[in-house]
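Only one structure is covered here, and it is reproduced in the block below.
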There are 2 protein chains.
Amino acid sequence: MTTTEHKSLRGRPKTIRAEKVLEVAIEAYWQNDLADVSVNSICRAAQASKPSVYREFGNEDGLTRAALESYAEQLLSDVSKILQSGQGMNETLDALIDFIITDARLEIGCLFHKMRAGKNRLGPKTRELVEELNRAAQGGYQRFFQDRRSTGDWYGTVSTDVAAKYLGEQIALALAQRASGENATTIREILSLALSVFR
Amino acid sequence: MTTTEHKSLRGRPKTIRAEKVLEVAIEAYWQNDLADVSVNSICRAAQASKPSVYREFGNEDGLTRAALESYAEQLLSDVSKILQSGQGMNETLDALIDFIITDARLEIGCLFHKMRAGKNRLGPKTRELVEELNRAAQGGYQRFFQDRRSTGDWYGTVSTDVAAKYLGEQIALALAQRASGENATTIREILSLALSVFR
DNA sequence: TCATTTTTATACCAGTCAGTATTTTTATAT
DNA sequence: ATATAAAAATACTGACTGGTATAAAAATGA
């Protein structure tokens, strides 16, 4: 909802940097427990007044949604690129594991998965986006398994739906472990073990 | 810390039912998001005055710790019984899966895993207990894998340490899915798939 | 009867929260 | 110049938080 900017001609010129507020918000939600991040603290850190932030984002729900929107935009396409690379099952899984374990933007976990884990504390608009992103991710995973099955690259007994959910949860687990500071090689071993069922 | 009861002879007799307060607290922490449960709400629900609760449990941290203590006591031995049944790998995993998917006390997830997931929001005493329980669980899992390996029942390439962590996380995942209302057969399929790497 | 001890109940404290009313500032249009 | 519009800054609201001061109540001991 940061669209529809009515370039007003009159009145005091806007000085608030919505982009900067979003940056600060993403950083805050990413680094801290969601329940510990308040609109107040974000305003302070971004040096923006509360009324300005509320005019820009409506309410807390709008701010968190905008933050997640901005965050996901940067990251989501990378994963689908890996899944749609057209490589075989083994190569794709290897690339996926590597990405999840080493990408710097996931160093302390993934904001999307963090919000998904604490879904019931989110406002309706943010929650809706979380569910939308989740559906998109699940759909991507499922298409991946359908492709692998149609090319004879995978003969799993489980449905592509369950396989997709499984993959999504194992990725979430690895990211949660990164967030909690677990040893990188241990995370890799656990994720590799989990995904070995597809090889 | 509910021990050392100094059966005082004089003074107004105690009417607060610490047991009832704990019951209410466990129920509240179990059903709701941890951040939504306040000492105030527990006092209201248990019909106990705040000063009485604070005299009994010290502070919020003491209350949450006592609640987790009471909860874990009831449940933890069941899991170790399954792991120490002396049965083979397959039978033990089957029993474990069955327990996690069907036990009524885990219907909406497990309080221990819930607190472990939100560890950084807990007070020091409760957090200490969470870590202690986690170590105990990990130790139990690891001993299980050591036993299976020594009896030639398991030839896994990963270390018993990684296997134990893997098992613990897959159980946590299944319980989180129960907590979020996921379909029981789906949870079972995912957990079975995850643990199939040990068979 | 009356002092002592312990628990209770009530009401309060300071801090934080999300959200907003009010006033001041800064621009443009006439 | 002056009206108007929009945003800014400040300060507020009411609700809730964890925690506590205070005083009344209810028991025992002398």
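Every chain is numbered from 1, with letters handed out A, B, ... down the list of sequences.
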Tell me the interatomic distance from [X], atom [atom1], to [N], atom [atom2], rounded to whole angstroms.
X       : N      : atom1 : atom2 : value
A:Lys14 : C:dT28 : NZ    : C1'   : 17 Å
B:Phe57 : D:dG18 : CZ    : P     : 15 Å
B:Asn32 : D:dC16 : CG    : P     : 15 Å
A:Tyr54 : D:dA8  : OH    : C1'   : 17 Å
A:Arg55 : C:dG19 : CZ    : P     : 16 Å
B:Arg12 : C:dT7  : CZ    : P     : 11 Å

Salt-bridge contact B:Glu56-B:Arg17 (side-chain N to carboxylate O under 4.0 Å)
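Looking at B:Glu56 and B:Arg17, the cut-off is not met.
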Answer yes when B:Arg127 and B:Asp61 have at least one side-chain N-carboxylate O distance shorter than 4.0 Å, and no when they do not.
no
Considering heavy-atom distances to DNA chain D, does B:Asp61 or B:Pro13 have its closest nucleotide positioned more toward the 5' end?
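Result: B:Asp61.
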May I ask you to decide if A:Leu111's main-chain N or O and A:Tyr71's side chain share a donor-acceptor pair within less than 3.5 Å?
yes
If you take any heavy atom closer than 4.0 Å to DNA chain C, which residues from residues 33-53 of chain A end up in contact?
A:Ser38, A:Val39, A:Asn40, A:Lys50, A:Pro51
Could you tell me which residues satisfy ring pair (Phe, Tyr, Trp, His ring centres under 6.0 Å) with A:Phe145, sequence neighbours excluded, listed by chain and number?
A:Trp154, A:Phe198
Side chain of B:Arg10, base of C:dT6: donor and acceptor closer than 3.5 Å?
no
Are B:Arg65 and B:Glu128 packed together at the side-chain level, in the sense that at least one heavy-atom pair is separated by less than 4.5 angstrom?
yes
Evaluation steps, side chain to side chain donor-acceptor pair (under 3.5 Å), between B:Glu27 and B:Gln31:
CA-CA 6 Å; B:Glu27 188 74 12; B:Gln31 300 264 4; 2.8 Å; yes
Taking the side chain of B:Glu60 as its heavy atoms from C-beta onward, which of C:dG19, D:dA8, D:dG18 lies nearest to it?
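So the side chain of B:Glu60 is nearest to D:dG18.
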